[in-house]
**Student:** 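Pasting a structure below so you can have a look.
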Amino acid sequence: MIGHLVVLGATGDLSGRFLMPALAALHAAGHLGEGFRLTGASREELTTEGFREWITDWLDRQGGDLPAEARRAVVASAHYRRADVTDQEDVRALIDGDEPVALYLALPPSLFPRVVSALRSAGLPAGSRIVLEKPFGEDLGSARELNARLAELVPEQAVFRVDHFLAMTTVQNVLGSRLANRVLEPLWNSTHIAEVEIVWDESLALEGRAGYYDRVGALKDMVQNHLLQVLCLVAMEPPVTLGERDLRDRKVDVLRSVRLLTEYDVVHRTRRARYAAGRIEDRDVPSYTDEEGVDPGRGTETFAEVELELDNWRWAGTTFRLRSGKGLRADRKEVAVRFRPVPHLPFGHTGEVEPNVLRFGLEPEGLTLDLMGTGARAGHLTELELTAELEPAELPAYGRLLLDVLRGDPALSIRGDEAEEAWRVLTPVLTAWERDLVPLEEYPAGSAGPAPRHAYGPGPVTREALLHEETVLGTTADDGRSRGEGQPDAP
């Protein structure tokens with residue numbers, strides 16, 4: 001187990017909000033020895049004492065429920081060096097010896113290629129590991145370039161492309177519930193499941209993140225990584241083991257099976273929108289374009305929705321809807337598995353029959369099964385709900401990720417080919433959106449989002465939308481209506 005963690009960009013929000021509390025949680029659980037060392041590096045003019053005070057402040061705010069002894073241990077283990085993390089000499093000074101280190105790049109992704117090149121020039125001790133936060137590249141081409149640079153630095157098993165969603169116990173419960181219950185796996189296919197919704201809706205608005213968010217938007221920030229990862233766990237074939245090779249092979253299989261969207265598909269099966277001024281609970285929220293640091297000319301979306309289909313034996317005919325939005329009326333963070341309706345009801349039963357839905361609550365944790373049964377009146381159907389509450393996780397998601405890094409278990413990290421496949425899936429969407437083939441809608445902050453097109457997702461195909469399609473795809477409104485979904489590309 002590696003005993004020296006070096007955090008590049010150590011005075012940023014990621015480090016203070018997540019990494020420092022995660023280290024304190026690991027100390028409290030007994031996972032870090034007395035000899036553990038933390039080295040922080042950034043461009044800020046700080047002393048080690050100043051860095052320790054900075055950590056103490058963050059732990060008071062974000063880790064106040066952790067034992068005081070564990071928080072003090074993290075502070076005592078910390079040292080600081082001012083450094084240009086793209087300079088090989090500065091980087092070499094951080095490594096400090098021949099013992100392997102874990103280097104956490106808590107940096108803007110645009111710096112990753114230069115930092116990796118500096119690390120390669122500086123040289124890393126044998127057995128060292130490198131950790132990168134999403135997004136892994138800005139598109140398919142840059143992801144491939146980054147992977148090539150990483151391959152020159154360390155072996156693939158020493159690269160940890162971390163997505164904290166995979167370390168959430170609620171996300172892992174999607175796979176655990178499938179594989180540990182015989183009653184579910186025989187039904188886990190398109191014969192019985194009509195649709196899977198993977199949703200991360202937030203009432204939070206921009207909250208001062210314009211410097212990062214306005215350059216990526218909801219599609220890249222949430223759908224391209226987090227929600228595609230959840231899709232993999234929902235749809236993957238049962239792995240032989242949960243080891244890094246078997247688990248990650250099955251996830252890549254899912255991404256490879258995603259049917260690429262045509263331009264016509266993107267127009268009809270994706271949506272983008274951003275919030276306008278509104279009110280969320282007791283606070284007024286300005287329009288996204290009026291938020292400090294936002295460039296309205298970028299056309300950044302705060303809401304993204306994509307419908308995907310998988311071309312494989314298990315899932316042909318099932319729709320997977322991935323959706324994420326900010327500034328909405330309420331939080332909704334779940335995986336909703338919607339089963340097909342029953343083929344026949346006995347004569348004499350009354351009442352509307354709703355399809356069964358299995359819901360995995362991602363935040364807060366929970367598991368709910370919506371069923372139909374006979375109510376108080378004989379022959380009258382009513383809705384039933386079975387609910388389970390899950391125990392809180394032993395470690396926070398970032399604690400689990402850091403423990404895996406220090407122990408050298410990459411099973412929950414994203415492999416290089418997996419990162420590239422995720423970009424391949426959404427490249428047609430990114431390309432079409434850049435060309436404005438899909439209009440940028442608006443929704444009031446504090447609303448449910450853009451008006452829905454049908455019961456579970458995208459909003460009505462309006463005359464305006466059809467005329468927009470006529471303009472961008474060269475079709476007529478009637479052609480768009482008659483062709484329907486799943487047809488060949490528009491000319």
Side-chain angles (χ1 to χ4, degrees), residues 8-9 12 14 84-88 91 103-122 124 129-166 209-229 231-232 248 251-252 255-256 258 260-261 266 270 272 295 297-301 304 306 308 322 324 410 413-437:
L8 309 183
L14 168 66
D84 177 356
V85 296
T86 64
D87 181 83
Q88 68 181 69
V91 170
L103 289 121
Y104 201 115
L105 276 59
L107 300 164
S110 58
L111 290 178
F112 287 172
R114 294 169 59 195
V115 174
V116 170
S117 295
L119 290 171
R120 181 171 180 268
S121 299
L124 291 179
R129 296 158 198 155
I130 185 167
V131 189
L132 303 91
E133 282 275 343
K134 63 86 178 172
F136 313 111
E138 299 176 82
D139 51 31
L140 180 56
S142 59
R144 287 172 173 165
E145 179 186 353
L146 179 59
N147 282 341
R149 295 195 188 200
L150 288 167
E152 296 174 346
L153 177 63
V154 291
E156 175 62 33
Q157 287 192 330
V159 179
F160 288 75
R161 301 172 187 83
V162 296
D163 185 335
H164 74 276
F165 263 51
L166 291 178
R209 294 181 66 214
Y212 164 74
Y213 194 89
D214 198 43
R215 288 173 170 78
V216 291
L219 188 69
K220 288 185 179 181
D221 184 51
M222 289 297 303
V223 178
Q224 191 274 336
N225 40 78
H226 296 323
L227 302 193
L228 279 180
Q229 287 297 310
L231 167 64
C232 289
R248 298 198 289 184
K251 288 167 61 187
V252 172
L255 293 174
R256 292 182 59 210
V258 175
L260 290 185
L261 299 178
V266 174
T270 76
R272 60 179 183 142
D295 178 0
R298 286 198 179 99
T300 302
E301 79 284 350
V306 178
L308 300 174
L322 282 57
S324 181
S413 72
I414 297 169
R415 207 167 59 193
D417 56 343
E418 187 179 349
E420 293 180 19
E421 287 294 337
W423 281 114
R424 181 193 68 87
V425 168
L426 288 185
T427 292
V429 182
L430 291 167
T431 301
W433 285 12
E434 288 171 359
R435 295 173 55 201
D436 287 329
L437 300 190

**Student:** Measuring from atom CG of Asp417 to atom CZ of Arg248, what distance do you get when rounded to the nearest 0.5 angstrom?
**Tutor:**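 Asp417 atom CG to Arg248 atom CZ measures 8.5 Å (nearest 0.5 Å).
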**Student:** Excluding sequence neighbours, so at least two apart, what forms salt bridge (Lys or Arg N to Asp or Glu O under 4.0 Å) with Arg161?
**Tutor:** Glu156
**Student:** For Arg215, check side chain to side chain donor-acceptor pair (under 3.5 Å) against everything at least two apart and list the hits.
**Tutor:** none
**Student:** Go through Leu150 and Phe112 one step at a time and tell me if the side-chain contact (heavy atoms from CB on, under 4.5 Å) criterion holds.
**Tutor:** CA-CA 10 Å; Leu150 288 167; Phe112 287 172; over 6 Å; no
**Student:** Of all heavy-atom pairs between Ala422 and Leu255, which one has the smallest distance, and what is that distance?
**Tutor:**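 In terms of heavy atoms, the two residues are closest at N-CD1, 4.1 Å.
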**Student:** Nearest heavy-atom pair of Val91 and Ala118: which atoms, and what distance?
**Tutor:**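 Closest pair (atom of Val91, atom of Ala118, distance): CG2-CB, 4.3 Å.
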**Student:** What's the separation between atom CG in Asn225 and atom CG in Asp163, rounded to the nearest 0.5 Å?
**Tutor:**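 Those atoms lie 5.5 Å apart.
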**Student:** List the residues meeting side-chain contact (heavy atoms from CB on, under 4.5 Å) with Ala432, not counting sequence neighbours, and say none if there are none.
**Tutor:**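 Result, side-chain contact (heavy atoms from CB on, under 4.5 Å) vs Ala432: Val266, Leu437.
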**Student:** By ring pair (Phe, Tyr, Trp, His ring centres under 6.0 Å), which residues pair with Phe165, not counting sequence neighbours?
**Tutor:** Trp200, His226
**Student:** Looking only at atom types and distance, does a side-chain atom of Arg298 sit under 3.5 Å from a main-chain N or O of Gly217, one as donor and one as acceptor?
**Tutor:** no
**Student:** Can you name the residues that form a salt bridge (Lys or Arg N to Asp or Glu O under 4.0 Å) with Arg149, not counting sequence neighbours?
**Tutor:** Glu145
**Student:** Supply the atom-to-atom distance Leu227 CG to Leu426 CG, rounded to the nearest 0.5 angstrom.
**Tutor:**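 Leu227 atom CG to Leu426 atom CG measures 10.0 Å (nearest 0.5 Å).
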**Student:** For Ser117 and Glu152, what are the C-alpha separation, side-chain angles and deciding distance, and is it a side-chain contact (heavy atoms from CB on, under 4.5 Å)?
**Tutor:** CA-CA 9 Å; Ser117 295; Glu152 296 174 346; over 6 Å; no
**Student:** Sequence neighbours left out, what passes side chain to side chain donor-acceptor pair (under 3.5 Å) with Lys134? Give chain and number order.
**Tutor:** Tyr212, Asp221
**Student:** Do you know the tightest heavy-atom contact between Tyr213 and Thr300?
**Tutor:** O-CG2, 3.8 Å
**Student:** Please step through side-chain contact (heavy atoms from CB on, under 4.5 Å) for the pair Leu308 and Leu228, ending with a clear verdict.
**Tutor:** CA-CA 10 Å; Leu308 300 174; Leu228 279 180; 4.1 Å; yes
**Student:** On a heavy-atom basis, which atom in Trp433 and which in Ala304 lie closest, and how many Å separate them?
**Tutor:** CH2-CB, 3.9 Å
**Student:** Taking salt bridge (Lys or Arg N to Asp or Glu O under 4.0 Å) as the definition, give me every residue that meets it alongside Glu418, ordered by chain and number, with sequence neighbours left out.
**Tutor:** Lys251
**Student:** Suppose we screen for salt bridge (Lys or Arg N to Asp or Glu O under 4.0 Å). Which residues come up paired with Glu420, at least two apart in sequence or across chains?
**Tutor:** Arg144
**Student:** What's the spacing between Leu140 CG and Thr427 OG1 if we round to 0.5 Å?
**Tutor:**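 It comes to 5.0 Å.
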**Student:** In the structure I gave you, are the side-chain heavy atoms of Glu133 and Val162 within less than 4.5 Å of one another anywhere?
**Tutor:**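 They are in contact (side-chain heavy atoms under 4.5 Å apart), so the answer is yes.
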**Student:** Can you name the residues that form a side-chain contact (heavy atoms from CB on, under 4.5 Å) with Arg114, not counting sequence neighbours?
**Tutor:**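 Applying side-chain contact (heavy atoms from CB on, under 4.5 Å) to Arg114 gives Thr86, Leu111.
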**Student:** Looking at residues at least two apart in the chain, or sitting in another chain, which of them share a side chain to side chain donor-acceptor pair (under 3.5 Å) with Arg272?
**Tutor:**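 In terms of side chain to side chain donor-acceptor pair (under 3.5 Å), with neighbours along the sequence ignored, Arg272 is linked to Asp436.
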**Student:** Kindly write out the residues that satisfy side chain to side chain donor-acceptor pair (under 3.5 Å) with Asp87, not counting sequence neighbours, or none if the list is empty.
**Tutor:** none
**Student:** Taking all heavy atoms of Phe136 and all of Ala143, pick out the closest pair and write down the distance.
**Tutor:**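 Here Phe136 and Ala143 meet closest at O-CB, 3.4 Å.
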**Student:** Check Asp214 against Asp295 and note the closest heavy-atom contact, atom names and distance.
**Tutor:** OD2-N, 2.9 Å
**Student:** Report the distance from atom OG1 of Thr270 to atom CG of Leu261, rounding to the nearest 0.5 Å.
**Tutor:** 7.5 Å
**Student:** Would the distance check show the side chain of Glu301 and the main-chain N or O of Ala218 forming a donor-acceptor pair, the cut-off being under 3.5 Å?
**Tutor:**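 Side chain of Glu301 to backbone of Ala218: a pair is present.
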**Student:** Go through the structure and list residues passing side-chain contact (heavy atoms from CB on, under 4.5 Å) with Gln88, not counting sequence neighbours.
**Tutor:** Arg92, Ser121, Ala122
**Student:** Can you confirm whether Leu132 sits close enough to Val159 that some side-chain heavy atom of one is under 4.5 Å from a side-chain heavy atom of the other?
**Tutor:**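 Counting from C-beta outward, Leu132 and Val159 do come under 4.5 Å.
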**Student:** Does Gly141 offer a backbone N or O that forms a donor-acceptor pair with the side chain of Trp423 under 3.5 Å?
**Tutor:** no
**Student:** Would you say Arg256 has more than 12 foreign heavy atoms packed within less than 6.0 Å of its CZ?
**Tutor:**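 Open: at most 12 neighbouring heavy atoms sit under 6.0 Å from CZ of Arg256.
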**Student:** Could you walk me through whether Ile130 and Val116 pass side-chain contact (heavy atoms from CB on, under 4.5 Å), step by step?
**Tutor:** CA-CA 9 Å; Ile130 185 167; Val116 170; 4.2 Å; yes
